[in-house]
Amino acid sequence: MVTSHRRFTGVFKRSNGSSRLIITTIMGMVFGYFIGISFPSVSLTKISLPSSIMSSLDVAFGDDHQRLSGRSFPENLGSIPLTPKIYVPTNPRGAESLPPGIVVAESDFYLRRLWGEPSEDLMKKPKYLVTFTVGLAQKNNIDACVKKFSEDFQILLFHYDGRTSEWDQFEWSKRAVHISIRKQTKWWYAKRFLHPDVVAAYDYIFIWDEDLGVEHFNGDKYIQLVKKHGLEISQPGLEPNNGLTWQMTKRRGDREVHKDTEEKPGWCSDPRLPPCAAFVEIMAPVFSREAWRCVWHMIQNDLVHGWGLDFALRRCVEPAHEKIGVVDSQWIVHQVIPSLGSQGNTENGKAPWQGVRERCRNEWTMFQDRLANADKAYYSQNGKTRG
């Protein structure tokens, strides 16, 4: 009897505890319900949060507190449809999995705003690109050059001395594009920053030195003559008495443009080949968009001075003796300022400019060898003989 009474008492205590737990839970739910309906709904934006938390929200949401209670993502973000697998072999390399309508293969140097409608960013789109490789010492000369180009020309400065902010004294500099990497040449910059797809928006690309006198030059008139005479690669004529190397680039006072010349005996194996025709120098060349696409691919990554390139430009237009020429009526003066030589180092007892000049000559030989070897490999591989 005693044992039965103890068992009954234990069961009763466990049942009583469970009942109290159930009742307490039900009462809590009822109490919470009445509390909830007794207060209006509370918006997160109306909660007074500590200032430290609010400042963090400002940073995260651009100081737009309404986004906390409204939409903060595009309307269709949650309804992105499943798309079938895409493969478009004609897309640029690496973009084959994209639909062609979203692919943007080309770019430009147009300066855009950080606000407003993208379609309203540009009041005017420059049609031509002018690049100078500069040091601050030549700022006044570059200022004079830039003023020879209208608003149709986008100005791009490559700074080899690392000094850019000082150029802001010129109003045009605030609209120009500045790229600064120390102790490099214009062909080094061109290979890395003037990819044909980046400059595809421009009809003509000027790649000029910094030591050019432009008193007798006008950019708009130059473009008119280039178009009139069908020049894909060109340069302004050079004043005959200043820094002249080749007869081809010497200005002639009796015409608008010339495309050939006579050189010293034995210099030209063919009157239609460089340096008697199909030839301009590398100090102030101007390229059409189509010609530059070819020339860019011929520039070697490690040969930074561009020596020898002028003799090979003819490979990028056809017929070269018709589409390469010198514009005589818009001419310049080569001031022959050896500013690039000062960017070299003194090695083995040689002055900085001597080391630079030696490399220029070596690069010319290296480029000629590479081009000859490439020709030989092509003809050998394709079973052809060179014409």
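Just so it is clear, the structure is predicted and the values come from calculations on it, not from any experiment. For this chain, numbers begin at 1 and follow the sequence in order.
- Ring centers of F217 and Y222: under 6.0 Å apart, within the cut-off.
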> What do the steps show when you test D197 against R293 for salt bridge (charged side-chain N to carboxylate O under 4.0 Å, His left out), and what is the final call?
Replying inline: CA-CA 8 Å; D197 289 342; R293 184 168 289 277; 2.9 Å; yes
> What's the verdict on salt bridge (charged side-chain N to carboxylate O under 4.0 Å, His left out) for E322 and K259, showing C-alpha distance, side-chain angles and the deciding distance?
Replying inline: CA-CA 7 Å; E322 292 289 342; K259 300 179 181 180; 3.7 Å; yes
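- I179 and W187 end up in the same hydrophobic cluster when Ile, Leu, Val, Met, Phe, Trp and Tyr side chains are linked at under 4.5 Å.
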What side-chain donor-acceptor pairs closer than 3.5 Å can you find for residues 99-110, not counting sequence neighbours?
from: D108; atom 1: OD1; to: Y110; atom 2: N; distance (Å): 2.9
from: Y110; atom 1: OH; to: P126; atom 2: O; distance (Å): 3.2

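- In this structure, H159 has its ring center under 6.0 Å from that of W167.
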>> Test salt bridge (charged side-chain N to carboxylate O under 4.0 Å, His left out) on R182 and D161; report intermediate values, then the result.
In response: CA-CA 5 Å; R182 293 174 61 85; D161 61 355; over 6 Å; no
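- Within the 6.0 Å centre-distance limit, the rings of F149 and F206 are counted as a close aromatic pair.
- Residues D302 and E363 form no side-chain contact, since every pair of their non-hydrogen atoms from C-beta on lies 4.5 Å or further apart.
- Between K250 and D328, no side-chain nitrogen of the basic residue sits less than 4.0 Å from a carboxylate oxygen of the acidic one, so the salt-bridge criterion is not met.
- For the pair H305/R359, a side-chain contact is recorded, criterion being any heavy-atom separation below 4.5 Å from C-beta on.
- Salt bridge annotation for K139-D143: absent, with no cationic side-chain nitrogen under 4.0 angstrom from a carboxylate oxygen.
- Both W246 and I207 sit in one connected hydrophobic cluster of ILVMFWY residues. Membership requires side-chain heavy atoms under 4.5 Å apart, directly or through other members.
- Checking T261 against Q247 by side-chain atom types alone, no donor-acceptor pair falls below 3.5 Å.
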>> Please determine whether salt bridge (charged side-chain N to carboxylate O under 4.0 Å, His left out) holds for the pair R315 and D375, giving the CA-CA distance in whole Å, both sets of side-chain angles, and the decisive distance to 0.1 Å.
In response: CA-CA 12 Å; R315 292 169 176 260; D375 283 338; 2.6 Å; yes
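- Within the structure, side chain to side chain donor-acceptor pair (under 3.5 Å) pairs that include any residue of residues 114-123 comprise R112-D121, R113-D121 (at least two apart or interchain).
- A donor-acceptor contact closer than 3.5 angstrom links the side chains of H334 and D211.
- Residues Y202 and Y128 keep their aromatic ring centres 6.0 Å or farther apart.
- Looking at Q235 and W208, their side chains never come closer than 4.5 Å, going by heavy atoms from C-beta outward.
- Within the structure, the disulfide (SG to SG under 2.5 Å) test picks out no pair touching residues 148-183 (sequence neighbours left out).
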